[in-house]
Visitor: 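The structure follows.
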Amino acid sequence: MANLKVDISDLNKSFGDNHVLKGIDFKVANNEVVVLIGPSGSGKSTLLRCLNRLEAPTSGKVSIDGKDISNTKTNIDQARENIGMVFQHFNLFNNLTVGQNIELAPVELGKLSKEDAAAQAKKLLATVGLEDKYDAKPQSLSGGQKQRVAIARALAMNPDIMLFDEPTSALDPEMVGDVLEVMKKLAKEGMTMVVVTHEMGFAKEMADRVVFMADGVVVEEGKPEDVFDHPQNERTKAFLDKVINV
Amino acid sequence: MKIRLKLFFALFFASLGLFAWQAPTVHAETTYTIGTDVTFPPFVYANSNNKYVGIDMELIRSIAKEEGFKVDIKPLGFNAAVQSLSSGQIDGVIAGMTITDERKQTLDFSTPYYESGIVMAVAPSSKITSLKGLKGKTVAVKTGTQGASYANSIKDKYGFKVVTFDDSDNVYNDVKTGNSAACFDDSAVLNYGVKTGLGLKVVTKPADVGQYGFAVKKGQNQKLLKMFNAGLAKLKKNGKYDQIIKKYTGKTATSKTSKSNSEDRTFLGLLRQNQQAILNGILETLKLTIVSIICATIFGILVGLLGVLPNKFARGASTTIIYIFRGLPLLVLALFIYNGIPSLTGTKIPAFVAGIITLTLNEGAYTAAFVKGGIDAVDSGQMEAARSLGLPFGKAMRKVILPQGIKIMIPSFINQFIITLKDTSILSIIGILELTQTGKIIIARNLEGFKVWAIIAVIYLLIITLLTLLSKWVERRIND
Ligand SMILES: Nc1ncnc2c1ncn2[C@@H]1O[C@H](COP(=O)(O)OP(=O)(O)O)[C@@H](O)[C@H]1O
Ligand SMILES: [Mg+2]
């Protein structure tokens, strides 16, 4: 188990009376790409947010690289430096330019000098295909461009795991491809990734494993071809019928 | 950002320095702070140079000279003067105050220096000639005076209603405009007023005759009281006392102020005569405004930030502070701090400092509310994205949330600055000689209510315009 990146056992999360995650066991190996699917409200985002403690677990244990994220004594800021996160609504810093968005964390946290951070930002922008947007304001970008900047921003901290929460759901269809391309590139480079998405094409092509969640539990998981072509559970079947037929 | 913060604190400490500078300095000769009325001629009133004169003023100054002490005269208004005396903010009151058993409970009086009774005055055209004519009518009196208690003691018997005002000129005006049918006041005051063209007539004989005394807080400043009595006795002996009384009640008294009636009463004339007083008032208003804007802004930002911390107690404290100081009327807060607290603790708070504290708490609470609101208005995704990169809460706040929140807050800040400026006028209640109080005092002398208030109003608008322009300029600088 030495190369386990994420190790979650018996994770429970409630919002008041709403028991959202019901005893989740969830593991991710190093360099593994896991795609989380499931109906809306099943707890996918909550699970993802428990991974970097944007949500504090009600009970259970969340370890990343052997570090106990769920323990309040753990320096969570330090842990988060290695966990990149990409949000559905991009959340680019509106008061900063594209370049500043990418440079802020490495400079503020003393990882890079201003000059090095700027050089890195330009390189990252080039890898996401936006080298000419260094001085642009986020407001002037399209959704697809914003999301690619957001990915570059997360990569600037040089994380060894990336969390994606429906990164293409808020995009116009013609923008989805560009963002998925960037994600595929990352996956091929060996990045450990946990991706919540409805893009079944991406899951089939890139996922090492697909996890189907419903009502706060993991219903079924396995290789993409097994889960997609031979789902064992009725709820998985019903869900796949719905998303694939649309 | 860091430099801006430093500048902020520099200003903050500079304003603290202003407090210190305001604090009373120690003289070799003891100086006593004496409260008096804004206007109560012939006992107290401002002459055409806005210097306080009248029987009471000349008596206290002559006695001070005889006995070798100094006086600092504060025209607080009768009611505020008595309150400030009982809370220990001032050392004595001389304001044509009748010695009564009720007042003796909390004050120690000197030997009487004048005798006067209560008379009724009506408008020249009025048909009312006796108390009986008041049935169903309204009568105007001044808050806390002997005339007021007399009116209240007989109002049921004669079937009239009583309205109270804080200044004599408002009392007289109410009768002249016909809102009130009559007013009650000391005979010396009303007789003097009639002689000097007040425009009312006295229709009753003095009733409820009483004696005027100089007062200190019960058990306090006994030395001052002794000196007053000794000085008064000397003045009576050497004829100075009679001289003073004659000067203000004798035949020549009329000519003394009829001169002031021939003053230039145009807007420009009024401005010219009161130039110095108005200028001082403007300066005091500006000083109050600037210092309290700085203090309230710092206090408001701190309390507002407390309200967005990820800590239940901090948020609770912030909400409570905002709730209390936004909920209290400014007037109540000012009186509580200036008169309430000192009467409990026994320490004096200079009026200016009390005023600043009042405005800091009240305006600061409003500021805190919109600072909190501005931060809350920034999309919560911004904070999550910053934190997910490993930025600690404070850094995320400073680098991402606050710059966006401040933009949202700027219009509210400008608005609050203007409100603060306007609210300084309320501090006239604790006797700060700012623009509004200056206006009151000028009117108390010349009764030109319309023109003087118009002048004061225009001055406020001018200052507000300047403040707005300045704020907009700063706003543009920040938005660039
Ligand atoms: N911050 C929150 N406060 C209260 N309830 C929440 C919060 N976040 C999520 N929930 C609830 O948790 C459940 C799961 O939500 P979520 O994890 O967002 O589902 P999914 O991402 O699978 O659509 C939903 O019922 C949602 O209403
Ligand atoms: Mg979700």
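Lettering follows sequence order; numbering is per chain, from 1. For clarity, every value in this text was computed on a predicted model and none was experimentally measured.
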Visitor: Within a strict 4.5 Å, meaning less than it, do heavy atoms of the V400(B) and L104(A) side chains meet?
Guide: yes

Visitor: Between A386(B) and chain A, which part of the residue has a heavy atom less than 4.5 Å away: side chain, backbone, both or neither?
Guide: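 Both backbone and side chain of A386(B) come within 4.5 Å of chain A.
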
Visitor: What part of F93(A) is in contact with chain B, defined as an atom under 4.5 angstrom from a non-hydrogen atom: side chain, backbone, both or neither?
Guide: both

Visitor: Could you pull out the closest heavy-atom pair between A105(A) and L391(B), with the gap in Å?
Guide: CA-CD2, 4.2 Å

Visitor: Mind checking the OG-CE spacing from S388(B) to M157(A)? Nearest 0.5 Å is all I need.
Guide: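 If I round to the nearest 0.5 Å, the distance is 10.0 Å.
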
Visitor: What is the minimum heavy-atom distance between L92(A) and Q382(B), and which atoms define it?
Guide: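 Shortest heavy-atom contact: O-NE2, 2.7 Å.
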
Visitor: Go through the atoms of L163(A) and report whether side chain, backbone, both or neither lie under 4.5 Å from a heavy atom of chain B.
Guide: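 Answer is neither: L163(A) stays 4.5 Å or more from chain B.
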
Visitor: CG of L109(A) to NZ of K395(B): how many Å apart, nearest 0.5 Å?
Guide: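 The distance works out to 6.0 Å.
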
Visitor: What is the minimum heavy-atom distance between R153(A) and A385(B), and which atoms define it?
Guide: NH2-CB, 3.4 Å

Visitor: With the side chain counted from C-beta on, respond yes when R387(B) and D77(A) share a heavy-atom pair under 4.5 Å apart, and no when they do not.
Guide: yes

Visitor: Rounded to the nearest 0.5 Å, how far apart are CG of D379(B) and NE2 of H89(A)?
Guide: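 Taking CG in D379(B) and NE2 in H89(A), the distance rounds to 9.0 Å.
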
Visitor: Within the side chain of N95(A), is there an N or O that forms a donor-acceptor pair under 3.5 Å with the backbone of K399(B)?
Guide: yes

Visitor: Any residues in residues 33-57 of chain A near chain B, with a heavy-atom distance under 4.5 Å, and which are they?
Guide: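 Answer by number: R49(A), N52(A), L54(A).
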
Visitor: For atom NZ of K184(A), decide whether the heavy atoms of other residues, nucleotides or ligands shown that lie under 6.0 angstrom number more than 12.
Guide: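 Yes.
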
Visitor: Just give me the residue among I76(A), N75(A), L96(A), N94(A) that pairs up with chain B most often, heavy atom to heavy atom, under 4.5 Å.
Guide: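 The candidate making the most pairs under 4.5 Å is N94(A).
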
Visitor: What do you reckon, is CZ of F313(B) surrounded by more than 12 foreign heavy atoms closer than 6.0 Å?
Guide: no

